[in-house]
Amino acid sequence: MEILFLDLDGTVRKPKSASKFITSFADQKPIPGALEAIADYASRGYFIVGITNQAGVEAKHKSQESCIAEQQHTLKLFPQIHSILFCPDFAGNECWRCYRDKAWDCSGKYPNLIGTYRKPGSGMVQHIIISNEVYPEDCFMVGDRPEDEGCANAAGVEFLWANQWLKAV
Ligand SMILES: [Mg+2]
């Protein structure tokens, strides 16, 4: 199995409103080209997982519930994204996994990853690599910020900048 890790904000989704950040769970739309790029990778058999820092939860810009609703809305917009991992805290101690109909705290599944979940830490990526028993060489990650590149490097996963990835399809 090959895995494509996707940063979300600024890589595949952006606010529908004029705001810099998503203001409510449904305030989001695909970045032009993202649906096509994802469909292309899905058609080539990639398992696709979203990886997003969401310390806005700890900062109280959004509630845990609305953060989960936001990820589930993204899963509706992008049918080929299998699931989304998010880290709601600045210390990188927590990791939540969202599916279309459920979400749960998976922070403690691999205790040695606690403290590394927030990007540029690689905990969220490692979590998926370990649980799917894949090699980092068979994965890559797309993102728009240095912390995404740092996360990919820390996990031993090849990194691609979002603007190049979107143009390549
Ligand atoms: Mg981003």
Side-chain angles (χ1 to χ4, degrees), residues 3-42 46-64 66-98 103 113 116-129 136 139-169:
I3 301 183
L4 170 63
F5 294 104
L6 287 177
D7 168 56
L8 298 178
D9 296 305
T11 296
V12 302
R13 71 182 180 194
K14 62 181 182 180
K16 225 188 311 186
S17 67
S19 167
K20 191 172 173 204
F21 300 104
I22 291 173
T23 53
S24 69
F25 76 92
D27 177 27
Q28 50 176 302
K29 62 181 181 184
I31 285 177
L35 282 166
E36 294 80 359
I38 289 171
D40 178 56
Y41 280 81
Y46 278 87
F47 182 72
I48 303 173
V49 180
I51 301 288
T52 179
N53 282 350
Q54 291 291 333
V57 175
E58 184 178 346
K60 304 219 184 299
H61 299 311
K62 63 181 88 170
S63 67
Q64 180 77 9
S66 76
C67 184
I68 290 169
E70 179 184 317
Q71 312 323 318
Q72 290 179 328
H73 193 77
T74 299
L75 291 170
K76 278 189 201 147
L77 291 175
F78 299 97
Q80 288 115 342
I81 298 180
H82 174 268
S83 54
I84 292 173
L85 268 62
F86 75 86
C87 174
D89 67 309
F90 289 102
N93 288 330
E94 276 191 54
C95 177
W96 284 68
R97 188 158 190 181
C98 298
L113 297 180
T116 69
Y117 288 121
R118 180 174 166 79
K119 295 180 287 184
S122 60
M124 292 190 280
V125 165
Q126 302 261 29
H127 189 286
I128 296 295
I129 286 177
C139 307
F140 73 97
M141 176 158 184
V142 180
D144 69 321
R145 292 178 58 101
E147 58 261 35
D148 300 315
E149 187 180 32
C151 168
N153 288 344
V157 165
E158 192 182 336
F159 179 74
L160 211 60
W161 290 102
N163 53 2
Q164 294 167 353
W165 177 71
L166 289 169
K167 265 192 301 201
V169 175

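When a ligand or atom number is given, it counts from 1 through the structure's own listing order. This structure is a prediction, so every number in the text was calculated from the model and none was measured.
For the Mg ion (ligand 1), the set of nearby N, O or S atoms under 2.8 Å includes none belonging to Asp148.
Taking the N/O/S atoms of Asp7 in turn, the shortest distance to the Mg ion (ligand 1) belongs to OD2. Taking the N/O/S atoms of Asp9 in turn, the shortest distance to the Mg ion (ligand 1) belongs to O. The name of the N, O or S atom in Asp144 nearest to the Mg ion (ligand 1) is OD1.
One finds a salt bridge joining Asp148 and Lys119 here, because a Lys/Arg side-chain nitrogen approaches an Asp/Glu carboxylate oxygen to under 4.0 Å.
Just one residue in the list Phe5, Phe78, Tyr46, Phe47 forms a ring-ring contact (aromatic ring centres under 6.0 Å, His included) with Tyr41, and that residue is Tyr46.
Side-chain contact between Leu8 and Gln71: present, with at least one pair of heavy atoms (C-beta onward) separated by less than 4.5 Å. At least one side-chain heavy atom of Glu70 sits under 4.5 Å from a side-chain heavy atom of Gln54.
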